[in-house]
Q: 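One structure, as structure tokens, below. Some questions next.
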Amino acid sequence: MSKITLVEAVNQALEYEMAHNNNVIILGEDVGKNGGVFRATLDLQSKFGEERVLDTPLAESMIVGTAVGMATQGLRPVAEIQFMGFIYPAFDQIINHASRLRNRTRGRLHCPLVIRAPYGGGIHAPEHHSESTEALFAHVPGLRVVIPSSPLRAYGLLLAAIRDNDPVLFLEPKRIYRMVKQEVPNKGEALPLDECFVLRSGTDITLVTWGAMVHETMKVAESLALQGVEAEVIDVATIKPLDIDTILQSVEKTGRCVIVQEAAKTCSVGAEIAAQIAEQGLLYLCAPIQRVSGFDTVMPLFKLEDYYMPSENRIYSAVKQTMEFA
Amino acid sequence: MSKITLVEAVNQALEYEMAHNNNVIILGEDVGKNGGVFRATLDLQSKFGEERVLDTPLAESMIVGTAVGMATQGLRPVAEIQFMGFIYPAFDQIINHASRLRNRTRGRLHCPLVIRAPYGGGIHAPEHHSESTEALFAHVPGLRVVIPSSPLRAYGLLLAAIRDNDPVLFLEPKRIYRMVKQEVPNKGEALPLDECFVLRSGTDITLVTWGAMVHETMKVAESLALQGVEAEVIDVATIKPLDIDTILQSVEKTGRCVIVQEAAKTCSVGAEIAAQIAEQGLLYLCAPIQRVSGFDTVMPLFKLEDYYMPSENRIYSAVKQTMEFA
Amino acid sequence: MSRVAAFEIEYVQYMDESGQALADLPNWATEVESLEHAYKWMLLTRLFDAKAVALQRTGQMGTYASCLGQEAIGAAIGLAMHPNDVFVPSYRETGAQLIRGSRMRDILMFWGGDERGSNPPIANQDFPVAIPIASQCLHAVGVATAFKYRKQNRIALCAIGDGATSQGDFYEAINLAGVWKLPVVFLVSNNQWAISVPRAAQSASQTLAQKAIAAGIDGVQVDGNDYIAMRDTLDQAIEKARSGNGATIIEALTYRLSDHTTADDASRYRSAEEVEVYKQKDPLLRLERHMRVAMGWDEGKQQSLKEQCQQQIEEEIQAYLTAEAAPPTEMFDYLYESLPKVYLKQRQQLFDEWQQHLGAREETVDTDVKESDHV
Amino acid sequence: MSRVAAFEIEYVQYMDESGQALADLPNWATEVESLEHAYKWMLLTRLFDAKAVALQRTGQMGTYASCLGQEAIGAAIGLAMHPNDVFVPSYRETGAQLIRGSRMRDILMFWGGDERGSNPPIANQDFPVAIPIASQCLHAVGVATAFKYRKQNRIALCAIGDGATSQGDFYEAINLAGVWKLPVVFLVSNNQWAISVPRAAQSASQTLAQKAIAAGIDGVQVDGNDYIAMRDTLDQAIEKARSGNGATIIEALTYRLSDHTTADDASRYRSAEEVEVYKQKDPLLRLERHMRVAMGWDEGKQQSLKEQCQQQIEEEIQAYLTAEAAPPTEMFDYLYESLPKVYLKQRQQLFDEWQQHLGAREETVDTDVKESDHV
Ligand SMILES: Cc1ncc(C[n+]2csc(CCOP(=O)(O)OP(=O)(O)O)c2C)c(N)n1
Ligand SMILES: Cc1ncc(C[n+]2csc(CCOP(=O)(O)OP(=O)(O)O)c2C)c(N)n1
Ligand SMILES: [Mg+2]
Ligand SMILES: [Mg+2]
């Protein structure tokens, strides 16, 4: 079996599910012949036809609102938003409709749709192409928000997202689209949608992260190991609903916690994790929680983006401080 | 001087500033002859003319996007969104433009605009009319988010918002639009935009809240006083940027903190406050932080809304638990 | 300079204000049963609507959006659609909801603040009332996309108001309907007002029907208070959509005789004279007059129909007023297909508060203690 | 049935592909200087554009959106507007930006990932390049609202692409421009593609100009590769707006000869033959041919203009490449008018990291240690 990248794993999951379920339909800008600007939908139109891979006109509210309508008919639309920075025109359709339809109709209609969007910084992209605003969606009741950090998890989580009977926002960290290759068995096996993944166990400190930052965090953990510090690394993966239990168990064991995220700090997912630890795990803590985070600024254009995003250095400093706290 | 309600204080501030600054222009749905569905803009069109109080077509993205354009010309548009539940079509204009224009142009253009919206539950309104999603906006860099909880603060903070040279989202808790009356001197005096208000000092526990929940929280504080527990009550008022110092100072003194908000819990403003305390004030804490909050559900239609929103009971239970923690 | 495109907008009307036919009527409209059946629904709608307003006024229901004066539209929608089509309403097509299977109690429940009202025992996949203006247009094109994909013989019908045509979602929807040639009909009830904003302040376009030109679809204007014209125009647009010939925008000229909702006071912004003018165009009066002249409808039939309606309404109101309350925990139970376990604690908290509240209520039933006094 | 409204869309062209006049030219277009001046800007734009692509290809700049083939539009916009009008661009009107005072270095800076590029030393209030498609249409109507309120003699001009006409913001903007009769012009560069989506898949409307009908404003189609037609149409629309007679949509028919951006590969989705056909319609070739025939333009003038342009471009590229880096702390310094004190700590952290990084860089300048090796 050959190794594939994260974006190839996305493509493989889409192809698998389309082949096995006629109700799965892809729609979005440039998803057809072009295969998506990152090639996530490569060749799917030629394999499954123009009726199942739909190039839409340029309108994000339309893409999501149309997907809502399709989903109520039992289709499983997988809508692509070209970059997360362009999802906002669809915000109303997501918060007021997709996420609420089951509840408003007491289950009579529901919305099995997936919205995929590449997100995050680090690829020297133009303005509005590099933000990480997952927290905005994690606040929305009725929605699931999933962020894979490896080819394997991209494959398994995307399958789960498509099969789930509720709306899922699936955010793909584009910085790692092609960073790592893994063997990804194409057997259609889904991964659970509401569990964190413990990527590395350790006893000294808990590092909680998701998306592209998993990689910097893992590197820091490995460096720490050389110094005799064993970090437990948790990839949250599904940030909504948030599996706080796995995190709390780890913090109970380690007594220390650093949360690493690319997003702006205020009201972020990191805030929610820290808050829940402060509520439910205060007594476990031997040191203050730290959030290593993007700044509360507009994501800068790419000349400065490396200064915005958490570097291994920034993570390491925070870990060191936390470890040294007595 | 006669006493006025919160919504009358909004009207008074608008009128004051319009009379003193020709650049202040109101726009929105039904703001003209009708005076706004809550009468916040009552009589302003007849006083200042149809060129300064503009009834717009029905389109929220248009209202905010147009206000952005107006603001770059040195006008000070005050845009009304009829209910917060209808602000989402304008989300793109808020996050991608209003909040960023100064930064993207390195100060060449800027956006002195105010977006006013009634928000929150408790008035038995129809679907989509009762949500509290202030956290979505508190996450947005470059924006200010202000929530008054009394006629006096509504007046002073709205004046400050209009005079501020950056975009401000001004959320008016409609449940208390007409709940309390106060004398509000019409002297054009603004209140500071990035400071919390300590409404009641106390030494035993810090209660942090904002908007309509200030009232339930104050009542609980008064009941507690009868039992010999002195609560310090902080009205955050400006939730973005968040004046954490005032909160930390209080928690340092009291050692206990309960945060009260109407919004859904996950990634809320309450999460941010709890996270910052966990980061910067951990050692002050004698008990876990608690968030008393709306649930992570869709805001129910009004038959059940009282079960959704924090009641005095819910607040009191949390305070009691926090006080009893040893 | 050369001309590269040209367009026209037509207007359809069959009856004048006195119910007199202005042109040869379509065949179906010469059949007594067709018109009586439609009239029955229109009258039921009007009488029910008045009761709904009264329930709100007496504190037994929440804010309600009356459809007074617009009943011909609701009836035409309800009667023109097939049962397995999908109706995507706004909030002012009460008659259509009734015809398509919502019970009056369901409608009252929705406006009474109870989600169960959007789960009526209907056999179709109609959407619930849409409050965020124009957002539902996209749901209709999505439904129509599904029909087209599955080669089903079904259509989606989306109802909106004049104000909704200013909203981006409307335009994005008609544009997609055009370019994908979808089986969908957009019905714009141009009742001249969007709350306090008059039609002229909403758009400089001479007609709302012509907005169709932007999307390359057909647009037609019709007298929305003329049931025969309304039904005929809808029949044609639906047939066109069903047979794969694409979407239509129907602009139905009508008038909102009531306040915007029970929370509104229209006298603040429009004149009594204007309302008087439009009262003359009343769709019920017009159809009734037509039936009296052309079909022997008489006072006796009118009275007995009215009584029949009123009885039905009374029963439904009773059912609404006596319905058992939903447990508050339902707010968790339809959030996801199954509740993620992390929310179980919140649900339990709500359950406990509810039980405590019930208990408290019983205990304090005869004292004057308010909930807050527990503190 | 009666007809209640009728509309037509006109098409404007003055020169055929060989530069031959098809009709009497407007007066200004018979003046040598006017056309030479325009041609100079078009050529400068084209040569600069090619260099910008080259800079990206060699890793000296970020993603760039070429305007190859669309230069007549940029030049016409830049030359038709008054200095104190406001231009609200998309990202494909490089020529217009240059004419209105952005230096080439500014434009390179923007695409090179530096916000300072959107702060050129211009004397007007033009908007920066807009990336979120169609969102800028609303800014233009807002600017025009301010002009109207202040009774200023100014207009706003908004440029978008064909794809942008599917987006709600576009429609909401034209609708407001219509109903408020605003001094604004919408220029749609219909270059036949929105990345990989062809014009026909974007909308079923025969023309994009006819979208104006939905808003009750004028729409006109023009050959966007014909500078004379382009400029003439713009002049008229601008004059109309300036004199209080409302908004216009101009659909400029053109073709994107380049990839969508340097990140795109157009050969994936469109044929070489199609591109060939459009190469014949090249706006520079056409104007040059016209000038040769009608105005004695010759190879000598052509060459010397080219050299002049190239020298200017070289200087600007040098200025871009040697510009000092901005301090990273600038990301805090323009966030608000003055930075709220709660963010001082974050700014300090960034400052410290920056200093540490600079220090680290110096220390490790000759070793192969990466930033991450500090850990
Ligand atoms: C997106 C959105 N904005 C604002 C509102 C508040 N609102 C409710 S009804 C209405 C006017 C609607 O007018 P129209 O579309 O003509 O329908 P009508 O009520 O006349 O039937 C407004 C502004 C809303 N419900 N949704
Ligand atoms: C709201 C939004 N959605 C998607 C994109 C990604 N995108 C960038 S350019 C483009 C196509 C634009 O086509 P068109 O309007 O025809 O302009 P052109 O590039 O052809 O000049 C798309 C989809 C974007 N920038 N903004
Ligand atoms: Mg209306
Ligand atoms: Mg294009």
Side-chain angles (χ1 to χ4, degrees), chain B residues 29-39 54-62 82-83 85-86 88-89 123-129 216 219-224 226-227 264-266 293-308 311-317 319-320, chain C residues 62-65 91 109-115 117-118 128-129 131-135 161-169 194-197 201-203 260-261 263-265 268-270 325-326 328-332 334-335 342-343 346-347 349-350 353-354 356-357 360 371-375:
Chain B
E29 295 156 11
D30 306 292
V31 295
K33 219 170 189 179
N34 201 34
V37 292
F38 287 103
R39 310 290 174 251
L54 301 162
D55 271 328
T56 64
L58 204 169
E60 285 74 14
S61 183
M62 184 272 283
Q82 204 157 77
F83 287 88
F86 308 133
Y88 309 115
I123 65 159
H124 281 205
E127 201 169 4
H128 303 288
H129 285 68
E216 279 72 23
K219 281 199 206 148
V220 171
E222 282 150 28
S223 309
L224 288 168
L226 298 178
Q227 301 168 28
K265 200 167 192 176
T266 297
S293 175
F295 296 113
D296 278 317
T297 67
V298 172
M299 176 81 191
L301 292 189
F302 69 76
K303 276 267 167 70
L304 300 183
E305 71 177 338
D306 288 345
Y307 285 104
Y308 177 89
S311 59
E312 287 175 44
N313 253 332
R314 195 183 297 166
I315 303 168
Y316 182 76
S317 304
V319 170
K320 201 164 156 237
Chain C
T63 306
Y64 173 73
Y91 45 78
M109 231 179 205
F110 171 75
W111 296 106
D114 190 328
E115 284 83 355
S118 294
V129 159
I131 301 287
I133 300 293
S135 59
D162 46 313
T165 65
S166 296
Q167 191 73 277
D169 278 359
I195 309 187
S196 74
V197 180
Q202 202 65 242
S203 180
H260 168 69
T261 63
D264 177 52
D265 171 9
R268 297 176 56 82
Y269 52 78
R270 69 182 188 188
T329 43
E330 281 208 351
M331 73 176 84
F332 282 96
Y334 298 96
L335 197 56
V342 309
Y343 299 127
Q346 290 191 18
R347 189 182 185 282
Q349 181 189 351
L350 172 59
E353 288 182 6
W354 174 42
Q356 190 190 336
H357 181 74
E371 226 192 306
S372 57
D373 294 328
H374 286 256
V375 177

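Note that the structure is predicted; figures quoted are calculated from it, not measured.
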Q: Less than 4.5 Å to any heavy atom of chain C: does that hold for the side chain of Thr56(B), its backbone, both, or neither?
A: backbone
Q: Looking at OH of Tyr91(C) and CD of Glu127(B), how far apart are the two atoms once the value is rounded to the nearest 0.5 Å?
A: 13.5 Å
Q: Less than 4.5 Å to any heavy atom of chain B: does that hold for the side chain of Tyr343(C), its backbone, both, or neither?
A: side chain
Q: Would you mind telling me which of Glu305(B), Lys33(B), Lys265(B) has the largest number of heavy-atom pairs within less than 4.5 Å of chain C?
A: Lys33(B)
Q: Please report the interatomic distance CZ(Arg270(C)) to CG(Asn34(B)), rounded to the nearest 0.5 Å.
A: 11.5 Å
Q: Relative to chain C, which segment of Glu216(B) carries a heavy atom at a distance below 4.5 Å: side chain, backbone, both, or neither?
A: neither
Q: What's the separation between atom CD in Gln167(C) and atom CZ in Phe86(B), rounded to the nearest 0.5 Å?
A: 10.0 Å
Q: Considering only heavy atoms, which portion of Val319(B) lies under 4.5 Å from any heavy atom of chain C: side chain, backbone, both, or neither?
A: neither
Q: Give, as side chain, backbone, both or neither, the part of Phe110(C) having an atom under 4.5 angstrom from any heavy atom of chain B.
A: both
Q: To the closest 0.5 Å, what do you measure between CD (Gln349(C)) and OG (Ser293(B))?
A: 9.0 Å
Q: Please classify the contact of Val129(C) with chain B as side chain, backbone, both or neither, using a heavy-atom distance under 4.5 Å.
A: backbone
Q: Please check: side-chain N/O of Glu353(C) versus main-chain N/O of Arg314(B), any donor-acceptor pairing under 3.5 Å?
A: no
Q: Which residue out of Leu350(C), Ile133(C), Asp264(C) racks up the most heavy-atom pairs below 4.5 Å with chain B?
A: Leu350(C)
Q: I'd like to know if the side chain of Glu115(C) and the backbone of Pro300(B) have a donor-acceptor N/O pair within less than 3.5 Å.
A: no
Q: Is any side-chain heavy atom of Asp296(B) closer than 4.5 Å to a side-chain heavy atom of Gln346(C)?
A: yes
Q: Give the minimum heavy-atom separation between Ser166(C) and Pro57(B), together with the two atoms involved.
A: OG-CB, 3.6 Å
Q: Given the options Glu60(B), Glu222(B), Lys303(B), which has more heavy-atom pairs under 4.5 Å with chain C than any of the others?
A: Lys303(B)
Q: Treating Asp30(B) as the side-chain partner and Ser196(C) as the backbone partner, does any N or O pair qualify as donor plus acceptor under 3.5 Å?
A: yes
Q: Side chain to side chain contact (heavy atoms under 4.5 Å, CB included) with Thr297(B): which residues, sequence neighbours excluded?
A: Phe295(B), Tyr308(B), Met331(C), Phe332(C), Leu335(C)
Q: Apply side chain to side chain contact (heavy atoms under 4.5 Å, CB included) to Ser135(C) and list each qualifying residue two or more places apart in sequence or on a separate chain.
A: Asp92(A), Gln93(A), His97(A), Pro132(C), Asp169(C)
Q: Out of Thr63(C), Ile195(C), Asp114(C), return the one with the most heavy atom pairs under 4.5 angstrom to chain B.
A: Ile195(C)
